[in-house]
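Notes follow once the structure below has been shown.
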Amino acid sequence: MNNSSLKLVLISPPIGYLGSGCGGGVELTITSLIKGLLMLGHQLTLVAPDGSTLPDDCSAVEIIHVQGASQQSWQHSAPDCPIVIPSEAVLPKLLEHALEIGGSADAILNFSYDWLPIWITSKIGTPLFHLISMGAVTRVMKTVIEELALWDQQRLGFHTQSQANDFKLAEDPVIVGNGFDLSKYDFIKDKKGPIGWAGRVAPEKGLEDAVDVAMALCEPLLVWGIVEDTKYAKEIDASVPSGMIDWRGFLPTSQFQKQLGSCRLFLNTPKWNEAYGNVVVEALACGVPVVAYDRGGPGEIIQSGRTGWLVTPDDVAALTDAASRATEIDRLTCRRWAEDSASQEAFALRVEAWIKAGMLKNEGRRSINA
Ligand code: UDP
């Protein structure tokens, strides 16, 4: 290890195991960040739910597997819902293990969007950082994040400014974007092909609007992703002629990118303040232009007229019009954007800078209190 390398403990989300798809985009984010941090020479331990796996090129990382019941995802909770931690929950156990190992580490980096790890941050010695993966879903989460920001905002990192805007913050937020192992995404030059959509199949992702565009253009829509809300998926499927939606399921990245790259265009239709939108960058990395609502992360990622088109949120007619102009976009420009702005190396450097600045601030606080 060189002098500036860090010993870090990473906490995986308490929703399913890493590789299950239940954790949404956070799963890919952790994997890319791990690869990037390893390239920078850092020493990593991952604390993750039982069954979690990492790709072969992450073998230098020690994984501590923890058993226990999953948390419910916050994005499907009522705005005023309380904090619920089930009996035999994995969340406190993940934290317990991380704090134990974290005693001899430089810092802990938490990926779980949960009340407990955020609340405990100001009460422990080891610097605990949080890469916040969603906007302000539920009042209790908004409050605990804002309270931590008041104590030390440097402990919080956000993916985009739009996401951070959900919270009342006294200082400019740390924005780290996201990063991808771009060697895993093949650039496809061909401008022909179907229309694609990908994401967790759940109401906040707005699949129904993408289906409306496909209907208006009289062609099927290819859909990838884990069906989180079966009732919602069935209702959409029943509302259109059979075969309109080509359900492709949840695929590993190697297969997903191959099919994604064959698309003429990719639709992204968030109904919530999308924190980032991994699938948008994955499409761009393959050279596929993205037509999306100008809402949340996609509104910051897509350069309208260069790498796709941004339209007024929820305006399906505008989305359809923009979709019919997707071939005007140069596919190589899309790929170049991903290379310049969303590589795993650049992402890891941004995260490293954030953590190191936070550790310095922590040292300052300690010496004042000593
Ligand atoms: N994904 C995948 N296989 C699929 C479809 C999607 O691995 O067949 C992954 C994709 O790579 C992305 C995640 O699902 O990392 C969705 O993340 P996104 O940030 O778009 O949305 P989130 O689920 O976090 O709200």
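Since this is a predicted model, take the numbers as computed values, not measurements. Ligands are counted one by one from 1 in listed order, and the atoms in each one are counted from 1 as well.
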4.0 Å heavy-atom contact, E274 with ligand 1: yes

Residue portion contacting ligand 1 (non-hydrogen atoms closer than 4.0 Å) for E282: side chain

Mode of F250 contact toward ligand 1 - side chain, backbone, both, neither (heavy atoms, under 4.0 Å): both

K258 atom NZ, over 12 foreign heavy atoms within 6.0 Å: no

Non-hydrogen atom of G225 closer than 4.0 Å to ligand 1: yes

Side-chain donor or acceptor of R350 paired with backbone N/O of N178 under 3.5 Å: yes

Check: Y113 main-chain N/O paired with S133 side-chain donor or acceptor under 3.5 Å: no

Plane angle bin for F256 and W224 - parallel if under 30°, tilted between 30 and 60°, otherwise perpendicular: perpendicular

Residue L28 vicinity, atoms of ligand 1 by number, heavy atom under 4.0 Å: 11 (O), 15 (O)

Cationic N near anionic O, under 4.0 Å, E228 to R200: yes

Residue, atom name and distance, where the atom is the protein heavy atom closest to atom 15 (O) of ligand 1: N278 ND2, 3.2 Å

Whether Q163 side chain and M134 backbone form a donor-acceptor pair below 3.5 Å: yes

Heavy-atom nearest neighbour in the protein, as seen from atom 24 (O) of ligand 1, with distance rounded to 0.1 Å: G25 N, 2.7 Å

Donor-acceptor under 3.5 Å (K191 side chain, I329 main chain): yes

Geometric N/O contact W224 with ligand 1, under 3.5 angstrom: no

Ligand 1-proximal atoms of K205, by part, heavy-atom distance under 4.0 Å: side chain

Per-atom contacts, ligand 1 versus L251 - under 4.0 Å to a heavy atom: 2 (C), 3 (N), 4 (C), 7 (O), 8 (O)

Main-chain N/O of A323 paired to W309 side chain as donor or acceptor, under 3.5 Å: no

Closest approach of any protein heavy atom to atom 23 (O) of ligand 1, naming residue and atom: R200 NE, 2.7 Å

Salt bridge E274-K205, side-chain N to carboxylate O under 4.0 Å: yes

Atoms of ligand 1, numbered as shown, that sit under 4.0 Å from any heavy atom of G249: 8 (O)

A275 heavy atom under 4.0 Å from ligand 1: no

Ligand 1 contacted by Y276 (non-hydrogen, < 4.0 Å): no

